[in-house]
Protein chains: 2
Amino acid sequence: MDRAAETTAKIIAAATEVFSEAGFSGARVDEIAARSGVNKATIYYHIGNKKVLYGEVMHNVMGNLAMHLARDVKEAQTPEQRLKAYVRNFVATINLNPHLPPIIMRELASGGKNLPEVATKDMNAVVGILASILEDGATRGDFAVMSPFIVHAMILGAIILFKVSSPIRARIEVLPEELKGDRISPEVAAELERLALKMVREERQKD
Amino acid sequence: MDRAAETTAKIIAAATEVFSEAGFSGARVDEIAARSGVNKATIYYHIGNKKVLYGEVMHNVMGNLAMHLARDVKEAQTPEQRLKAYVRNFVATINLNPHLPPIIMRELASGGKNLPEVATKDMNAVVGILASILEDGATRGDFAVMSPFIVHAMILGAIILFKVSSPIRARIEVLPEELKGDRISPEVAAELERLALKMVREERQKD
DNA sequence: AACTAGTTTAACTAAACGGTTAGTATCGGC
DNA sequence: GCCGATACTAACCGTTTAGTTAAACTAGTT
């Protein structure tokens, strides 16, 4: 890695942290500079300005969600396994990338105005992957016909909310140990998988 | 309503909008002043400073979630009806109070540092209400034993995510009409109720 | 060592920001 | 009408912010 790339990487890493903690408006370029160990003008030299830096961070942090998801899901055999892989992939992504939920949530809170076009396409693709899982399961008679987006909102909403509520959960009494802590524990992940499956299954007994 | 109360109400209303759109750091006191139709110094006269104003807005926008919820849930007869009332109450609250999700989400993104103690108590109480619904249902053999917090995260996570994703949903293709729009439609609300019930029901057939 | 291009810096700048000040307006009581 | 208290204002203030600049530094090449 050459010098410019190394410096840029340091800047992006620090910016990811600071933007994750404080949001775009709350983040200070001076703070990002201090955390990356470079002079503030270096950021302007390599990146351009605060907004472009934010865009880089968003692009970086979001990665290629849909691509990774598609790969993981593809390796599973049945719709049930694929749905589990769907949930597991999000849990793993968020556990690996703790800066993602705060950044996403602030963006969503602001109406997604700054989300790059590629992020919107990714979301389209993610919902599309879930749609095909559900469709396949429905064709086999294992899943009920239902709205992919609503299922997606319940799964992802829970994962994100779970993740960011970590400091608040610590203040809520009477929560078992696996419901505390910053990471989504294997127990919680398993429960989310179980509930996702339960939600989509064709009901065997009509009310 | 006397003069001071009227001015204060105008300030709080404008502040609620601006904080909802831009977050704490992004909101400009000048903007809040302009929207409320008063001079900026009037805000400092009546409220004190930006942070206190934010606290007022948060206190105002969060109201007494748990109290309203408890009342609605209490009027229902069976655990199933109470769970439906639980979902319905959140949907109604958020449809009535569109500024709540963005504000909550930003707060959660920042680790809940600015959430008033009363808000944490409310969350405690909300999860407690759900816990008693689930417990009651489990005692009757209708509901499975499960974690109230995870169920809560799936319901509330979906409702919040649904609400704030409105501008992005508009850009996602192939969504049916009732999944578009700013409000959570009755169809979507009904589906969330149905899925919540499905999630918590005692499974009639073991795998 | 000299040169060059790229990189980084300390110091600086204009604009923006939350907050303040001195003065004015309004209201109710006497 | 006068007065005091409260409410409101235009103009102002000190600090902070994102961004800029000229000079210094670094590394590679000849």
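This one's a predicted model, so the numbers in the text were calculated from it and none came from an experiment. Quick note: numbers below take in every heavy atom, side chains included, and nothing from hydrogens, waters or symmetry partners. Proteins get letters first, then strands, A, B, ... in listed order; numbering begins at 1 in each.
Across every non-hydrogen atom of A:P101 and A:P98, the tightest pair is CD-O, 3.4 Å.
The distance from atom CD1 of B:I11 to atom C1' of D:dA7 is 11 Å, rounded to the nearest whole Å. Rounded to an integer number of Å, the gap from A:K50 NZ to D:dT20 P is 14 Å. Atom NZ in B:K51 sits roughly 11 Å away from atom P in C:dG19 (whole-Å rounding). One can place NZ of B:K10 at 12 Å from C1' of D:dA7, the figure rounded to the nearest angstrom. Between A:K40 atom NZ and D:dT17 atom P the separation is 9 Å, expressed in whole Å. Distance CD1 (A:I47) to P (D:dT20): 14 Å, rounded to an integer number of Å. Rounded to an integer number of Å, the gap from A:D30 CG to C:dA10 C1' is 13 Å. Atom-to-atom, CD of B:E31 to P of C:dG18 comes out at 11 Å; the value is rounded to the nearest Å.
Within 4.0 Å (heavy atoms only), B:A41 reaches at least one base atom of the nucleic acid. A:A33 comes within 4.0 angstrom of no nucleic acid atom, judged by non-hydrogen atoms across all strands.
Distances shown here put every side-chain N or O of B:T7 at or beyond 4.0 Å from the OP1 or OP2 atom of D:dA7. At C:dT7, one or more side-chain N or O atoms of A:Y45 fall inside 4.0 Å of OP1 or OP2 (strictly under the cut-off). For the pair A:N39 and C:dA10, the criterion of a side-chain N or O lying under 4.0 Å from OP1 or OP2 is met. Distances shown here put every side-chain N or O of B:R3 at or beyond 4.0 Å from the OP1 or OP2 atom of C:dC27. Taking side-chain N and O atoms only, A:H46 has no distance below 4.0 Å to OP1 or OP2 of C:dG6. Neither OP1 nor OP2 of C:dT20 sits under 4.0 Å from any side-chain N or O of B:Y44.
Cation-pi geometry between A:K51 and A:F24 is not met: the NZ or CZ atom fails to fall both under 6.0 Å from the ring centre and inside 45° of the normal.
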### Task
Quick one: do B:K84 and B:E80 satisfy salt bridge (charged side-chain N to carboxylate O under 4.0 Å, His left out)? Show the steps, please.
CA-CA 6 Å; B:K84 284 188 177 184; B:E80 294 204 336; over 6 Å; no
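Using cut-offs of 30° and 60° for the angle between ring planes, the B:Y86 and B:H152 rings count as perpendicular. Relative ring orientation between B:F149 and A:F162 is described as perpendicular, the plane-to-plane angle rising above 60° on a 0-90° scale split at 30° and 60°.
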